[in-house]
Amino acid sequence: MPERISQVTAFLAEVLAPRAPLTVIVDGGDHGAAAQFAARLAAAFPPSARAWNVDAVLGLSGSSGGVSDSALNVLEPAADRVIVYLRANGRGPAGEGERRAQVVIDHQNPQWPVIRRMHPRLADPERWHLPESQAFFAPKAAGWDERFGDDLPAYAEAVAAARLEPGDVALDVGCGTGRALEALASAVGPAGHVIGLDCTADMLHEARAKGRDKSAGLVQADARRLPLPAAAAHAVFAAGLLHHLPDHAAGLAELARVTRPGGRLVLFHPTGRAALAARHGRELSPDEPLHEPNLRPALTAAGWTLSTYDDAEDRFLAVAVRKP
Ligand SMILES: C[S@@+](CC[C@H](N)C(=O)[O-])C[C@H]1O[C@@H](n2cnc3c(N)ncnc32)[C@H](O)[C@@H]1O
């Protein structure tokens with residue numbers, strides 16, 4: 001299996017090469033990382049693309065903050081320009097660099113870069129979202145609960161907002177290691193059903209290792225294409241999922257499809273948006289999908305009515321009701 005950086009640079013080259021002549025700017029990262037990544041990316045372009053001057057790569061702001069890290073010379077002005085931003089923790093708020101980039105790469109571990117965002121004009125998310133999401137979460141699965149396990153009471157409290165009844169069907173979409181599953185199972189009782197769905201096999205493996213498959217059926221599935229009939233569920237619980245989906249509107253519509261009229265959607269995170277952004281070294285951006293002015297109309301368009309919105313320091317909770 002090729003090393004991860006080769007997978008990422010090969011895919012970027014495949015997507016970008018047909019756009020030549022092109023200037024690719026690699027920005028962000030720590031300690032010369034932009035130059036190194038730029039060199040690897042340039043090497044991944046096919047020789048025919050190089051003839052078109054595709055390998056003009058320049059790091060905009062390395063750890064020194066100024067214009068630096070020029071890996072290759074810009075040979076001549078190119079018709080198009082794409083900015084690739086390397087997201088690394090520990091170098092202050094990354095808001096502006098990320099916002100102007102068409103490609104954002106998680107670069108906390110330079111040996112394990114992961115594409116986190118790509119402008120749909122460059123590549124259909126169908127081509128990268130699932131494998132890159134799995135690559136992002138798989139290494140985090142072991143030890144996930146040890147990092148965040150204290151949050152279980154907050155999950156149980158959030159599950160209560162789903163107002164489940166005994167005998168109901170509840171889904172936990174993007175269930176991860178299944179931290180909400182026991183609370184969901186106790187809400188629906190022995191006559192009910194809980195299904196935990198996640199795209200990352202390692203997360204479901206951890207859930208099983210913790211015995212959470214006793215509370216729920218566990219299914220590896222894409223939240224954007226759930227293997228369930230319409231109106232199958234009385235409630236959908238989704239913790240920390242929505243902002244990981246490339247198309248939030250489509251994601252909310254798929255969750256609506258599988259929920260009965262009057263059923264509830266609980267969007268939860270055990271940390272408020274501001275505290276979470278600070279933890280990741282980011283500034284809160286007004287275009288985030290969970291920001292109320294964005295979330296409310298997106299829910300409405302997808303067939304939901306927002307009934308609760310609470311973005312406190314220590315939790316994010318939004319509850320929506322499926323329209324008839
Ligand atoms: C931040 S984690 C939250 C996990 C869990 N809900 C929790 O609160 O501990 C996000 C989860 O969403 C999953 N995920 C990301 N994209 C997905 C997709 N398209 N379909 C299904 N699951 C996805 C990831 O594998 C990961 O387990």
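In listed order, ligands and their atoms are each counted from 1. Values below: every heavy atom of this structure, side chains too, minus hydrogens, waters and symmetry copies.
- Salt bridge annotation for Asp310-Arg315: present, with a cationic side-chain nitrogen under 4.0 angstrom from a carboxylate oxygen.
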task: Assess whether side-chain contact (heavy atoms from CB on, under 4.5 Å) is satisfied between Arg273 and Glu288, documenting all intermediate values.
output: CA-CA 9 Å; Arg273 286 193 317 122; Glu288 283 189 358; 3.0 Å; yes
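- Scanning the protein for heavy atoms near atom 4 (C) of ligand 1, the closest one is Gly174 O, 3.4 Å.
- Of the listed residues (Glu98, His107, Gln108), just one forms a side-chain hydrogen bond (donor to acceptor under 3.5 Å, both in side chains) with Arg87, and that residue is Glu98.
- Looking only at heavy atoms of the protein, atom 20 (N) of ligand 1 is closest to Ala223 N, 2.7 Å.
- With hydrogens left out, the protein atom closest to atom 3 (C) of ligand 1 is Ala239 O, 3.4 Å, a heavy atom.
- Only the side chain of Trp144 comes within contact range of ligand 1, with a heavy atom under 4.0 Å; no backbone atom does.
- Which of Asp198, Leu241, Leu245, Leu130 comes nearest to atom 11 (C) of ligand 1 through a heavy atom is settled by distance: it is Asp198.
- Regarding atom 15 (C) of ligand 1, its nearest protein heavy-atom neighbour is Ser133 OG, 3.5 Å.
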task: Quick one: do Ile83 and Val103 satisfy side-chain contact (heavy atoms from CB on, under 4.5 Å)? Show the steps, please.
output: CA-CA 6 Å; Ile83 301 178; Val103 180; over 6 Å; no
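- Considering both main-chain and side-chain atoms, His244 never comes within under 3.5 Å of ligand 1 through any nitrogen or oxygen pair.
- Residue contacts with ligand 1: Thr177 is placed with no nitrogen or oxygen under 3.5 Å of a nitrogen or oxygen of the ligand (distance criterion only).
- Scanning all protein heavy atoms for the shortest distance to atom 1 (C) of ligand 1 gives Gly240 O, 3.5 Å.
- At a 3.5 angstrom cut-off on N or O pairs, Cys199 counts as close to ligand 1.
- For Cys175, every heavy-atom contact with ligand 1 shorter than 4.0 Å involves the backbone, none the side chain.
- Contact annotation: for Ala238 versus ligand 1, there are no heavy atoms closer than 4.0 Å.
- When non-hydrogen atoms are compared, ligand 1 lies under 4.0 Å from neither the backbone nor the side chain of Gln134.
- Here the shortest heavy-atom pairing between Val114 and Glu132 reads CG1-O, 3.0 Å.
- Residue Phe137 has no N or O atom closer than 3.5 Å to an N or O atom of ligand 1.
- For atom 7 (C) of ligand 1, the nearest protein heavy atom (residue, atom name, distance) is Tyr155 OH, 3.3 Å.
- In this structure, Arg116 is positioned above the aromatic face of Phe136, its NZ or CZ under 6.0 Å from the six-membered ring centre and within 45° of the axis.
- Ligand 1 has at least one atom lying under 4.0 Å from a heavy atom of Ala221.
- In this structure, CZ in Arg40 is found 9.5 Å from CD in Gln36, a value given to the nearest 0.5 Å.
- A salt bridge links Lys210 with Glu146: at least one charged nitrogen is closer than 4.0 Å to a carboxylate oxygen.
- To the nearest 0.5 Å, atoms CG (Leu41) and CG (Leu16) are separated by 6.5 Å.
- For ligand 1, the atoms sitting less than 4.0 Å from at least one non-hydrogen atom of Asp222 are 18 (C), 19 (N), 20 (N), numbered in the order shown with element in parentheses.
- Atoms CZ and CZ, from Arg127 and Phe11 in turn, are 4.5 Å apart once rounded to the nearest 0.5 Å.
- Classification of Arg225 and Glu254 as a salt-bridged pair fails, no side-chain N sitting under 4.0 Å from a carboxylate O.
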